[in-house]
Amino acid sequence: MRKDLLRILDLSAPELRAVLASARAWKRRGNRRGAPRPLAGKTLAMIFQKASTRTRVSFEVGMTRLGGHALFLSPADTQIGRGEPVRDTARVLSRYVDGIVIRTFLHETAEEMAAWAGVPVINGLTDDHHPCQVLADLMTAQERGIDLGGMKVAFIGDGNNVANSWVEAAHLLGFSLRVACPKGFEPNGRILREASAAGKGDVRVVRDPSEAAEDADILYTDVWTSMGQEQERRRRLRAFRGYCVDDSLLRAARKGAIVMHCLPAHRGEEITEEVMEGPRSAVFDEAENRMHVQMALLSRLISN
Ligand code: CP
Ligand code: NVA
């Protein structure tokens, strides 16, 4: 495996499948006494320049379960917030810790951190990618008996960081992905090109949510206004009208299709209360699986 995990394409298909297998093993073991603690004595630094519930808590608890320790570093309490260069922070932290998680705005910031750090760097979300989320989603799909290589996924809404990571996963594993979004809100063009050159998926951007949902195994959605875009909220609310995952869209999908959302959700915007709380919703399994997938990643990257 590469030193860092900044995007899904940092993994090969066999590596991705191995991470999911290891995540399943961590999930089965639970937190019982006698479970292996491969990261005893190891420390993870977690730099968060955006808010987080799931990513922060799942990495922190995951690190504890692996026998290690995690440090939460917010810009308010560190020199990062006062403008200490990323390359200096990377080199200093690498003298103390065994791994770094970074959640930030520009993807280039995470890349710079990885280039200068002597220890593995994991992307906990940037404006362009959210690989840990999509790994947890893939694990959840597998648990529901869905074949990752042959599935059909409909991503409804904004072509954002999560959508970009889905594009990469589709090409890496070879499944079908339809992204339904309004004009101007497509997944990142460069990522679409790079992923298509790297893989064999069937990825298409469409306008009509029901066209994307037709025959889908998974309906996926995320917020219409991501962190950092708050000033665009009103424009986005208008642009995404008609892109809500509701019961009628779910009826267009395959019988037994599941609904996913990375959370946090805005009920009544990208998803209805009924769908979110309904029997087809897998959202809390996805949230739980963040921890198992990240334990798999941490144990592989840090003990490398
Ligand atoms: N899905 C996700 O990354 O959630 P948080 O923003 O709470 O970490
Ligand atoms: N697209 C969302 C995901 C939050 C987990 C954001 O970037 O805010």
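The salt bridge (Lys or Arg N to Asp or Glu O under 4.0 Å) check on Arg178 picks up Asp202, with sequence neighbours excluded. By the salt bridge (Lys or Arg N to Asp or Glu O under 4.0 Å) test, Arg144 is found to be paired with Asp285, residues two or more places apart in sequence or in another chain being considered. When the side chain to side chain contact (heavy atoms under 4.5 Å, CB included) test is applied to Ala21, the partners found at least two apart in sequence or on another chain are Arg24. For Arg241, there are no salt bridge (Lys or Arg N to Asp or Glu O under 4.0 Å) partners at least two apart in sequence or on another chain. With sequence neighbours excluded, no residue forms a salt bridge (Lys or Arg N to Asp or Glu O under 4.0 Å) with Arg87.
Residue pairs meeting the salt bridge (charged side-chain N to carboxylate O under 4.0 Å, His left out) criterion with at least one partner in residues 112-128, sequence neighbours excluded, are Lys50-Asp127. Residue pairs meeting the salt bridge (charged side-chain N to carboxylate O under 4.0 Å, His left out) criterion with at least one partner in residues 150-172, sequence neighbours excluded, are Arg7-Glu168, Lys152-Asp215, Asp158-Arg236. Applying the ring pair (Phe, Tyr, Trp, His ring centres under 6.0 Å) test to every pair with at least one member in residues 79-116, sequence neighbours left out, gives these pairs: His107-His129. Within the structure, every pair that satisfies the ring pair (Phe, Tyr, Trp, His ring centres under 6.0 Å) test and touches residues 208-234, not counting sequence neighbours, is listed here: Phe155-Tyr220, Trp166-Tyr220, Trp224-Phe240. Within the structure, salt bridge (charged side-chain N to carboxylate O under 4.0 Å, His left out) pairs that include any residue of residues 249-258 comprise Asp217-Arg254 (at least two apart or interchain). Among residue pairs with one or both ends in residues 133-142, none qualify as salt bridge (charged side-chain N to carboxylate O under 4.0 Å, His left out); sequence neighbours excluded.
In Arg204, the CZ atom is not crowded: 12 or fewer heavy atoms of neighbouring residues, nucleotides or ligands sit closer than 6.0 Å.
Asp88 places no side-chain N or O within donor-acceptor distance of the main-chain N or O of Glu84, the cut-off being under 3.5 Å.
Counting only N and O atoms by type, the side chains of Glu143 and Asn289 include a donor and acceptor under 3.5 Å apart.
In summary, Arg300 and Glu15 do not engage in a salt bridge, as defined by a charged side-chain N under 4.0 Å from a carboxylate O.
Distance check, rounded to the nearest 0.5 Å: CD of Gln142 to CG of Asp147 gives 9.0 Å.
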With salt bridge (charged side-chain N to carboxylate O under 4.0 Å, His left out) as the test, would you mind laying out the steps for Arg238 and Glu232 before giving the verdict?
CA-CA 10 Å; Arg238 276 198 303 276; Glu232 299 174 19; over 6 Å; no

As a quick check of understanding, evaluate side chain to side chain donor-acceptor pair (under 3.5 Å) for Thr221 and Glu270, giving each step before the final call.
CA-CA 7 Å; Thr221 191; Glu270 75 277 2; 5.8 Å; no

Let me have the donor-acceptor pairs involving side chains of residues 59-72, under 3.5 Å, with sequence neighbours excluded, atom names and distances please.
from  : atom 1 : to    : atom 2 : distance (Å)
Glu60 : OE1    : Arg56 : NE     : 3.1
Glu60 : OE1    : Arg56 : NH2    : 3.4
Thr64 : OG1    : Glu60 : O      : 3.1

